[in-house]
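Notes follow once the structure below has been shown.
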2 protein chains.
Amino acid sequence: MAVTIRDVARRAHVSVATVSRALTSPELVRPETRTRVLAAATELGYQPNRAARGLITGKTGNIGIVVPDLDNPFFTGVLKAVQARAMQADYAVFVADSDEDPVAEAKLVHAMAKQVDGVVLCAPGLEDSQVREVAGVTSLVLLNRRLPGVPAALMDSAGGMHAVIDHLVALGHRRIAYLNGPRTSWSNQERRRGLMTAVAKHGVDLVDLGPFAPRFEGGLQAADLALAAATTAIVAYNDIMALGVLARLRDRGVSVPGDVSVTGFDDLTYASLCSPALTTVAMPVAQAGRTAVNLLLDWLDSDHTDAPQIMAETQLIVRGTTTPPKR
Amino acid sequence: MAVTIRDVARRAHVSVATVSRALTSPELVRPETRTRVLAAATELGYQPNRAARGLITGKTGNIGIVVPDLDNPFFTGVLKAVQARAMQADYAVFVADSDEDPVAEAKLVHAMAKQVDGVVLCAPGLEDSQVREVAGVTSLVLLNRRLPGVPAALMDSAGGMHAVIDHLVALGHRRIAYLNGPRTSWSNQERRRGLMTAVAKHGVDLVDLGPFAPRFEGGLQAADLALAAATTAIVAYNDIMALGVLARLRDRGVSVPGDVSVTGFDDLTYASLCSPALTTVAMPVAQAGRTAVNLLLDWLDSDHTDAPQIMAETQLIVRGTTTPPKR
DNA sequence: TTGAAAGCGCTAACAT
DNA sequence: ATGTTAGCGCTTTCAA
């Protein structure tokens with residue numbers, strides 16, 4: 001077995017209680033004693049057993065994160081930031097992948113509950129009521145989902161989509177197609193909301209297509225429909241769909257941005273690597289991830305009266321797939 | 001506080017020991033009693049406290065995984081499989097990101113050690129001796145790294161690279177450039193090993209360039225050098241570099257695959273989405289991830305006499321960037 | 001400022 | 001087949 005607090009106590013010629021105090025409440029022990037204890041601890045390579053500590057303090061020093069898909073760079077971006085911020089705060093992180101299954105999401109949170117102080121639930125597909133239920137079993141912070149009473153780290157996709165339309169309109173586009181992602185997803189609803197506001201403001205024509213699968217194939221399928229609608233610009237739900245659109249357009253001999261402008265959403269790595277490079281909206285995944293952890297940590301020692309929802313700004317990245325329409 | 005084993009015991013009119021047995025060793029308790037206990041447990045929504053259990057059994061029911069970069073789809077692919085397989089076996093998983101820092105790798109494993117039954121260490125940058133040291137603190141399984149005495153899940157990159165050369169030679173290429181990744185990385189060494197074997201076998205000319213940064217920019221830089229060397233094919237260390245090569249070649253008006261063939265390695269999503277689609281080698285990340293967990297679980301109840309190293313096969317994916325050379 | 005002792009939730013002897 | 005009891009490693013009263 002590993003080295004325990006008792007080994008340290010023996011070596012430092014003090015009681016286990018003193019060792020414990022030296023480690024967790026330094027002010028309660030004489031500096032001299034403290035140094036002796038610390039020395040003994042490092043000499044033995046002592047690492048407190050967090051499970052044992054948690055048993056008594058009721059805090060585990062762990063947080064959990066549940067994501068819909070670990071193959072999606074959007075969520076791993078969040079994960080990376082969550083893990084980094086958590087480590088900084090001396091928390092370890094559990095991950096779980098729900099595989100886009102709402103039922104699994106709830107199950108996973110339940111399973112984690114006993115081992116963590118709280119969990120970050122990313123873009124859940126759960127109904128509001130189920131999210132509430134889950135928020136009852138452990139401290140919850142939502143990412144990209146809004147629910148009164150539950151803290152949330154949000155990204156302003158509506159604003160990003162608004163910027164996309166502003167951009168296209170400024171270029172002179174007057175008839176624009178939007179390729180919807182999954183109707184029920186919060187992301188699509190938000191993006192659509194920003195779109196609608198902007199479209200109404202500018203008084204331009206919107207051709208609302210879909211929903212399509214938020215994948216390359218969805219883009220392939222959508223491209224032909226958008227073309228048939230004779231719009232000068234195509235706004236895709238996300239980058240992957242946009243890449244599908246680009247591919248199909250190329251196959252049909254339609255030039256981008258010559259004949260039609262195309263935009264994506266997310267700013268995945270390869271949006272900048274394809275040619276022409278894709279005009280898109282960058283999501284502040286890292287910032288949102290950090291914020292989520294901060295919210296969780298704050299929530300843990302708050303009286304739970306107000307649940308903040310913090311919005312991180314998106315950013316329009318103008319690249320090569322948008323120009324003024326031909327006239 | 002949550003519901004404990006005592007609450008269940010009281011409700012089922014038995015002792016805590018019986019509850020414990022009913023849950024963990026059903027055969028030791030009368031079926032009738034067992035049902036009563038189980039009923040009480042579900043009614044109360046009882047979930048055993050794993051930390052408390054671990055304190056006495058010495059097993060945590062957790063495993064850890066340490067990766068160099070959570071933004072790299074290669075590692076998140078592994079992670080996804082690891083988490084899926086672990087969950088299946090009723091293990092929860094801790095993740096940590098070392099940010100490509102060998103020192104951090106070692107630290108992270110140490111930090112996790114107390115909370116896990118073992119850890120999967122992915123493609124560590126650590127020296128052999130340091131990996132050994134780390135293997136002493138907890139049960140370790142290596143991914144894409146070979147070290148006698150330590151179980152490992154490997155991917156046959158050497159074989160994959162060999163297949164690349166076979167393919168190019170079959171097309172008629174006789175003078176090939178290899179763009180090295182980081183010299184010290186196990187991956188580059190393995191890929192290079194396969195390359196050398198194949199090159200020697202076929203007796204073709206190899207122009208060995210680099211090392212380059214395994215990024216898009218590295219590819220941009222490498223492209224000009226490869227062109228100057230007048231080879232008919234360019235074999236990149238990985239897909240991202242290959243995409244950089246493609247971009248630079250296009251800028252210089254060099255046609256792919258017309259003027260020169262290009263191959264990547266890894267089969268990232270966008271390798272199939274760019275145009276022409278990239279000929280590359282698919283890494284069996286999911287399989288290796290599952291294998292790593294299996295090895296770890298086996299290792300935990302083995303006598304540690306033999307440490308298996310299991311190799312998963314890579315696969316050459318022929319797409320649009322390779323054709324016979326111009327003559 | 002320090003030590004002795006109780007106990008967190010659970011399992012594993014040891015009894016019965 | 002079931003109950004009693006002693007810890008697992010740690011923190012936290014309570015006393016000294």
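Quick note on labels: first sequence line is chain A, next is B, and so on, each numbered from 1. Every heavy atom of this structure was used, including side-chain atoms; hydrogens, water molecules and symmetry mates were not.
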Whole-Å gap separating [atom2] ([N]) and [atom1] ([X]):
X	N	atom1	atom2	answer
B/Arg30	D/dG3	CZ	C1'	14 Å
A/Arg50	D/dC8	CZ	P	22 Å
A/Arg10	D/dG9	CZ	P	11 Å
B/Arg6	C/dC8	CZ	C1'	9 Å
A/Ile56	C/dA5	CD1	P	17 Å
A/Gln115	C/dG9	CD	P	16 Å
A/Leu28	D/dT11	CG	C1'	12 Å
A/Ile5	C/dC8	CD1	C1'	15 Å

Distance check: side-chain N/O of [X] vs OP1/OP2 of [N], anything under 4.0 Å?
X	N	result
A/Thr18	C/dG3	yes
A/Arg53	D/dT11	yes
A/Thr33	C/dT1	no

Judged by each residue's nearest nucleotide on DNA chain C, which is more toward the 5′ side, A/Val16 or A/Val29? A/Val29
Earlier contact from the 5' end, DNA chain D, for B/Leu55 and B/Glu27: B/Glu27
If you check the [X] side chain, which of [options] turns out closest?
X	options	value
B/Ala52	C/dG9, C/dG3, D/dG9	C/dG9
B/Asn49	C/dG3, C/dC10, D/dG9	C/dC10
B/Val14	D/dG9, C/dC10, D/dG3	D/dG3
B/Thr57	D/dT12, C/dT11, D/dA1	C/dT11

Applying a 4.0 Å non-hydrogen cut-off, can you work out what A/Ser20 is touching in the nucleic acid: base, sugar-phosphate, or nothing?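 Here A/Ser20 touches the bases of the nucleic acid.
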Charged N to carboxylate O below 4.0 Å: is that the case for A/Arg146 and A/Asp128? no
Considering only NZ, NE, NH1 and NH2 on the basic side and carboxylate oxygens on the acidic side, decide whether B/Lys80 and A/Asp69 come within less than 4.0 Å. yes
Which of these passes side-chain contact (heavy atoms from CB on, under 4.5 Å) with B/Leu142: B/Leu295, B/Val131, B/Leu154?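 Result for side-chain contact (heavy atoms from CB on, under 4.5 Å) with B/Leu142: B/Val131.
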Run the numbers on B/Asp90 and B/Arg50 for salt bridge (Lys or Arg N to Asp or Glu O under 4.0 Å), then give the verdict. CA-CA 12 Å; B/Asp90 208 34; B/Arg50 289 188 150 205; 3.4 Å; yes
For the side chain of A/Glu105 and the backbone of A/Gly125, is there at least one donor-acceptor N/O pair under 3.5 Å apart?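 Side chain of A/Glu105 to backbone of A/Gly125, a donor-acceptor pair under 3.5 Å: yes, one is there.
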If you take atom types as modelled and just measure distance, does the side chain of A/Arg21 reach the base of C/dG3 with a donor-acceptor pair under 3.5 Å?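 Indeed, a donor on one side and an acceptor on the other fall under 3.5 Å apart.
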